[in-house]
Every structure is written in structure tokens, then in C-alpha cells.
**Student:** 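First the structure, which I've put down as C-alpha cells, then a few questions once you've had a look.
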Amino acid sequence: MGRHWHFFSVAFWLINGTAYYVLLFTSNEWQRLVPTSWSVIPDAMRIAMMYASFHMPPPGNPYNPLQELTYFAVVFILGPFMIATGAAMSPAIAARFPRYQKIFGGRQPARSLHFLGLIAFILFIIIHIIMVVVERFPENMGNIMLGQGAGTSFAVAAGLFALLVIAVVIVHIWATAVSLKYPRMMQNALDKVIVPAKWLLFRKATSKQKLKRSQVSTFFRVNGYPPDTQEYRSLLDNNFATWTLKVNGLVEQPLELSLSDLQNMRKQLQVTEHYCIQGWTAVGEWGGIPLSYIISICRPLASARYVVFHSYQYTEGDEFYEVLDLEIAKHSQTILAYEMNGRPLDVGHGAPLRLRAETQLGYKMVKWLRSIEFVHDYKHIGKGQGGHREDHMYYSPRAGI
Ligand SMILES: Nc1nc2c(c(=O)[nH]1)N[C@H]1C(S)=C(S)[C@@H](COP(=O)(O)O)O[C@H]1N2
Ligand SMILES: [Mo]
């Protein structure tokens with residue numbers, strides 16, 4: 001829910017910022033914010049000293065130098081800095097432009113910098129409001145709400161301001177209450193903005209990772225507990241000799257493939273970075289069969305639109321499954337992996353076979369695979385949201401990176 005609200009509000013923040021920049025530079029207003037002489041720095045320091053000794057500086061024209069420098073920094077440095085560090089956390093951008101993240105020292109440092117930027121914004125807001133109040137409050141309020149020289153109707157300005165603050169508080173309380181009570185409804189509503197926005201920004205940025213074997217991580221975290229069913233245990237005891245992968249649903253040719261059948265097909269190796277939605281990443285080398293090859297031999301019917309990956313594992317009482325769009329399933333780096341870092345997949349990472357869909361976040365890559373089903377719709381599967389994580393944790397059915 002937090003991710004949804006974040007991406008939703010960021011869309012408006014960006015639109016707002018863009019409109020502000022455009023208006024600033026298509027009028028002469030930028031001259032108020034952009035210092036045109038270096039003397040602004042010593043002047044600003046003088047003003048800072050006055051504040052520090054509890055003296056009020058004379059009114060600026062329209063801003064005093066310290067004020068001008070601060071506004072300049074917020075509008076032209078802090079804003080772009082938040083965009084830059086936010087983008088550095090995006091797996092989509094990292095997959096497409098691997099060197100970009102390195103500017104910030106990696107994804108986690110970018111996350112810390114982004115957070116420090118948030119603190120800077122909060123400090124700015126607090127100090128700004130304090131200064132508005134302690135320095136010529138009625139006049140400032142009039143200037144902020146009604147524009148410079150709009151007269152001195154302080155009551156109107158203060159009333160409008162109070163209304164806005166109350167509106168913000170009400171929206172906040174309402175949004176929190178509705179998100180907690182009806183998370184699914186809220187998720188779908190916010191997706192109406194987020195999904196098109198993501199499509200606009202990222203449709204061209206299809207990831208195709210090609211890392212080097214030397215970049216493979218020494219430690220690769222495990223997510224989720226292996227199946228604890230008798231069924232899986234007996235397969236494991238047999239070293240998966242009796243395990244098969246079923247391929248069925250809307251296909252011309254249903255398949256049932258043993259591990260050795262799969263191992264005898266064309267093997268593909270890929271070294272990629274795994275992105276878990278929870279924030280951790282790790283690089284691994286994966287070996288397996290391109291799903292596009294399986295698709296070419298089972299031949300989905302024209303009505304098949306999605307591929308469902310079923311597993312042997314149950315979490316929170318329900319089978320772990322995930323759904324991919326047929327398009328994503330056909331991507332050249334979507335493979336069924338039976339090898340990790342040159343060795344057979346271990347139990348933790350999904351033995352005997354797991355999905356690797358490298359254009360997606362980690363939760364899509366079902367481990368301990370049981371079967372692959374081609375369907376027209378997924379509304380009738382699980383709770384109908386497109387996967388176990390979608391059903392239980394409100395993740396999005398599409399998790400492109
Ligand atoms: N069956 C099953 N597959 C799963 C999961 C799970 O809990 N059960 N966790 C997913 C998540 S959230 C991630 S990040 C990856 C982690 O893969 P790893 O354990 O090999 O690192 O597996 C995915 N596949
Ligand atoms: Mo994950």
C-alpha cells in the first residue's frame with residue numbers, strides 16, 4: 001500500500017514540478033529565484049548571522065539573499081536530487097543503464113540519500129512555515145495565498161490557508177482509513193494512475209541483463225520455506241527421478257517432462273541481478289530452458305493470454321502460484337532454471353525447477369515448480385489477483401523491472 005501511494009503521489013509531484021518549471025521559465029519569474037551574482041553568498045551569510053543573533057533582516061526584493069538561495073536550492077537542487085536518487089532505486093533503470101546506480105554507490109546508498117532528501121524537505125517546510133509566521137505574518141500570508149500586491153486582506157488569505165490545511169488533514173485521515181479498511185479497492189483505484197504512468201515511462205526500457213560471471217554474489221538470500229508436504233519430500237528423497245513438469249491448459253500439445261527431458265533440451269545460461277520487492281538484490285548465474293522453447297512445442301491456443309506457474313509449496317494455507325502475461329513468458333530471459341551458479345538447484349532456491357523471469361521482480365519467479373498452465377483469464381485462480389503475493393500482500397500482477 002505504501003508503494004502504491006508513493007508511486008501515485010509521485011506522478012502528481014512530477015506534473016506539479018514540471019508545470020512550475022515551465023511557468024517559471026516562460027515568464028520572468030525565474031529571476032526571483034536564480035541568483036545572478038556571486039555576492040548572494042556573502043550576503044546570505046550575513047543574513048544567517050542576523051537570524052542567529054535574533055535580528056530580523058530588512059525585507060528583500062522580493063526575497064532576502066538567504067531566502068533566495070534556499071528556494072533556489074530546493075527548486076533546482078533538492079527536487080532534481082530526489083528524482084535522481086529515486087530513479088537510482090528503480091530496478092528497471094538499473095537493468096537498462098547499469099552504470100547509473102553506481103553514481104550513488106549502488107541501490108542502498110541511493111535509498112539512504114533519497115531518505116536524507118526527504119528530511120531536507122521536511123526541515124525546509126518546518127523552517128519556512130516558522131519564518132512566514134515570525135516575519136511580517138499578515139503580509140506574507142497575503143503574498144503566498146493571493147499574490148504579491150494583492151492588498152492586505154489578511155483574513156481572506158489566512159482563512160484560505162486554514163481551509164487548505166484542513167483539507168490536507170482530512171484527505172490524509174480519509175486515505176489512511178480507506179487504505180487500511182479496503183486495501184484491495186484502494187490498490188485498484190491507485191493502479192488506474194500508476195499502471196499508465198509506468199507504461200509511459202518504462203515501455204521502452206525492457207530489461208536485458210548481461211552481467212559477468214565474476215559479478216556473481218557470494219551470498220544469495222532465500223525467500224520462503226521449502227514445501228513441507230509428504231508429496232514433495234518423497235520426490236526429494238528420490239532425487240526428483242519421479243518428478244515431472246506438467247504443461248497444460250489452453251495448448252495444442254500438453255506435455256509432461258521429466259528432469260532429464262528438460263536437461264536434454266537446449267540449455268541457456270544467464271547472469272542476472274535478482275530484485276526482491278523488499279529491497280535486497282543478488283547476482284546469480286542461472287541455467288535452464290528458455291520458456292519460449294517450451295511454448296514453441298506445446299503451442300498455446302489463440303485464446304491463451306496468461307501463463308500460470310503452480311508450485312509444490314503452500315504459504316498461508318494457499319498454493320504459491322504466479323501468473324505471467326504471455327508476452328513476458330516469451331521474453332528471451334524467461335527460463336525454467338534447474339541450475340544455479342553451475343550446480344543443480346538446491347532446495348532453498350527451488351529444486352528441482354524454478355522460474356527465472358529476469359524482467360520481473362523476484363516474487364514472480366515461482367520456485368519448486370509443479371506445472372505450467374495456459375489460461376485465458378486468471379480471475380478464477382486463487383483469489384483472482386494474478387498470484388499468491390498479489391492475493392495476500394497487494395503486490396501488482398505486473399512486476400516489470
Ligand atoms: N514457491 C515459492 N516461490 C517463490 C517464493 C515463495 O515464497 N514460494 N518467494 C518469491 C520471492 S518473494 C523471491 S524474492 C524469490 C527469491 O528467490 P530465492 O529464494 O532463490 O532468492 O522467490 C520467489 N519465488
Ligand atoms: Mo521477494
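Just so you know, ligand 1 is whichever comes first in the structure, and atom 1 is the first atom listed for that ligand. Just so you know, these numbers come straight off a predicted model, no measurement behind them.
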**Student:** Report the member of F320, W280, Y225 with the shortest heavy-atom distance to atom 6 (C) of ligand 1.
**Tutor:** F320
**Student:** Counting distance only, does the side-chain N/O of R213 pair as donor-acceptor with the main-chain N or O of E285 below 3.5 Å?
**Tutor:**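 No; judged by distance alone, with no hydrogens or angles, the pair does not exist.
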**Student:** Checking a contact table here: which protein heavy atom is nearest atom 9 (N) of ligand 1, and how many Å away?
**Tutor:**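 Minimum-distance protein heavy atom for atom 9 (N) of ligand 1 reads N223 OD1, 3.0 Å.
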**Student:** Heavy-atom pairs closer than 4.0 Å: do any link ligand 1 to the side chain of M365, the backbone, both, or neither?
**Tutor:** backbone
**Student:** Atoms of ligand 1 less than 4.0 Å from C276 heavy atoms?
**Tutor:**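 Those atoms are 14 (S).
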**Student:** To the nearest 0.5 angstrom, please state how far the CH2 atom of W174 sits from the OG1 atom of T176.
**Tutor:**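 Rounded to the nearest 0.5 Å, the CH2-OG1 separation comes to 10.0 Å.
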**Student:** Write out the residue and atom name of the closest protein heavy atom to atom 19 (O) of ligand 1, then the distance separating them to 0.1 Å.
**Tutor:**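 It is K367 NZ, 2.4 Å.
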**Student:** Between S311, A337, G350, G362, which one has a non-hydrogen atom sitting closest to atom 23 (C) of ligand 1?
**Tutor:** G362
**Student:** Can you sort out which atoms of ligand 1 are near Y363, meaning under 4.0 Å from one of its heavy atoms?
**Tutor:** 10 (C), 11 (C), 12 (S)
**Student:** Evaluate W286 for polar contact with ligand 1, using N/O atom pairs at a separation under 3.5 Å.
**Tutor:** no
**Student:** Check each atom of ligand 1 against the heavy atoms of G224 and keep those under 4.0 Å away; list them by number with element.
**Tutor:** 7 (O)
**Student:** Under 4.0 Å from a heavy atom of R389: give me the atoms of ligand 1 that qualify, with their elements.
**Tutor:** 7 (O), 9 (N), 12 (S)
**Student:** Please classify the K364 to ligand 1 contact at 4.0 Å (heavy-atom distances, strictly less than): side chain, backbone, both or neither.
**Tutor:** neither
**Student:** Looking at E339 and R356, does any basic side-chain N land under 4.0 Å from a carboxylate oxygen?
**Tutor:**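 No salt bridge links E339 with R356.
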**Student:** Is ligand 1 less than 4.0 angstrom away from at least one heavy atom of Q278?
**Tutor:**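 Flag not set, Q278 not near ligand 1.
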**Student:** For atom CZ of F25, is the number of surrounding heavy atoms from other residues, nucleotides or ligands below 6.0 Å larger than 12?
**Tutor:** yes
**Student:** Does any donor atom in the side chain of D391 or Y321 lie under 3.5 Å from an acceptor atom in the other side chain?
**Tutor:**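 Yes.
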**Student:** Determine whether any heavy atom of R354 lies closer than 4.0 Å to an atom of ligand 1.
**Tutor:**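 Distance cut 4.0 Å: R354 passes for ligand 1.
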**Student:** Partners of K102 by salt bridge (Lys or Arg N to Asp or Glu O under 4.0 Å), sequence neighbours excluded?
**Tutor:** none
**Student:** Whether the side chain of S292 engages the backbone of K330 through a donor-acceptor N/O pair (distance < 3.5 Å, no angle test) should be reported.
**Tutor:**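 Checking the backbone N and O of K330 against the side chain of S292, no donor-acceptor pair under 3.5 Å is found.
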**Student:** Which of the numbered atoms in ligand 1 are below 4.0 angstrom from a heavy atom of W368?
**Tutor:** 1 (N), 2 (C), 8 (N)
**Student:** Return the closest protein heavy atom for atom 8 (N) of ligand 1 as residue, atom name and distance.
**Tutor:**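 Protein heavy atom at minimum distance: Q313 OE1, 2.6 Å.
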**Student:** State the atoms of ligand 1, each with its element, that fall below the 4.0 Å cut-off from a heavy-atom position in F220.
**Tutor:**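 Close to F220: 21 (O).
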**Student:** Just let me know how H274 lines up against ligand 1, side chain, backbone, both or neither, with a heavy-atom cut-off below 4.0 Å.
**Tutor:** side chain
**Student:** Tell me whether the rings of H392 and H388 are parallel (<30°), tilted (30 to 60°) or perpendicular (>60°).
**Tutor:** parallel
**Student:** Mind telling me whether F124 and Y71 have parallel, tilted or perpendicular rings, with 30° and 60° as the class edges?
**Tutor:**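 Rings of Y71 and F124: perpendicular, as their planes differ by over 60°.
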**Student:** Could you pull out the closest heavy-atom pair between P58 and N64, with the gap in Å?
**Tutor:**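 Closest approach of P58 to N64, heavy atoms only: O-CB, 4.4 Å.
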**Student:** Does R398 qualify as a cation-pi partner of W199, given the criterion of NZ or CZ under 6.0 Å from the six-membered ring centre and within 45 degrees of its axis?
**Tutor:** no
**Student:** Contact between ligand 1 and T315 is defined here as a heavy atom of the residue under 4.0 Å from a ligand atom; is it met?
**Tutor:** no
**Student:** Quick test of your reading of the model: are E273 and R107 salt-bridged, counting only N-O distances below 4.0 Å?
**Tutor:**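 Result for this pair is no, no salt bridge flagged.
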**Student:** Which atoms of ligand 1 are found less than 4.0 Å from any heavy atom of R221?
**Tutor:**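 The atoms of ligand 1 under 4.0 Å from a heavy atom of R221 are 18 (P), 19 (O), 21 (O).
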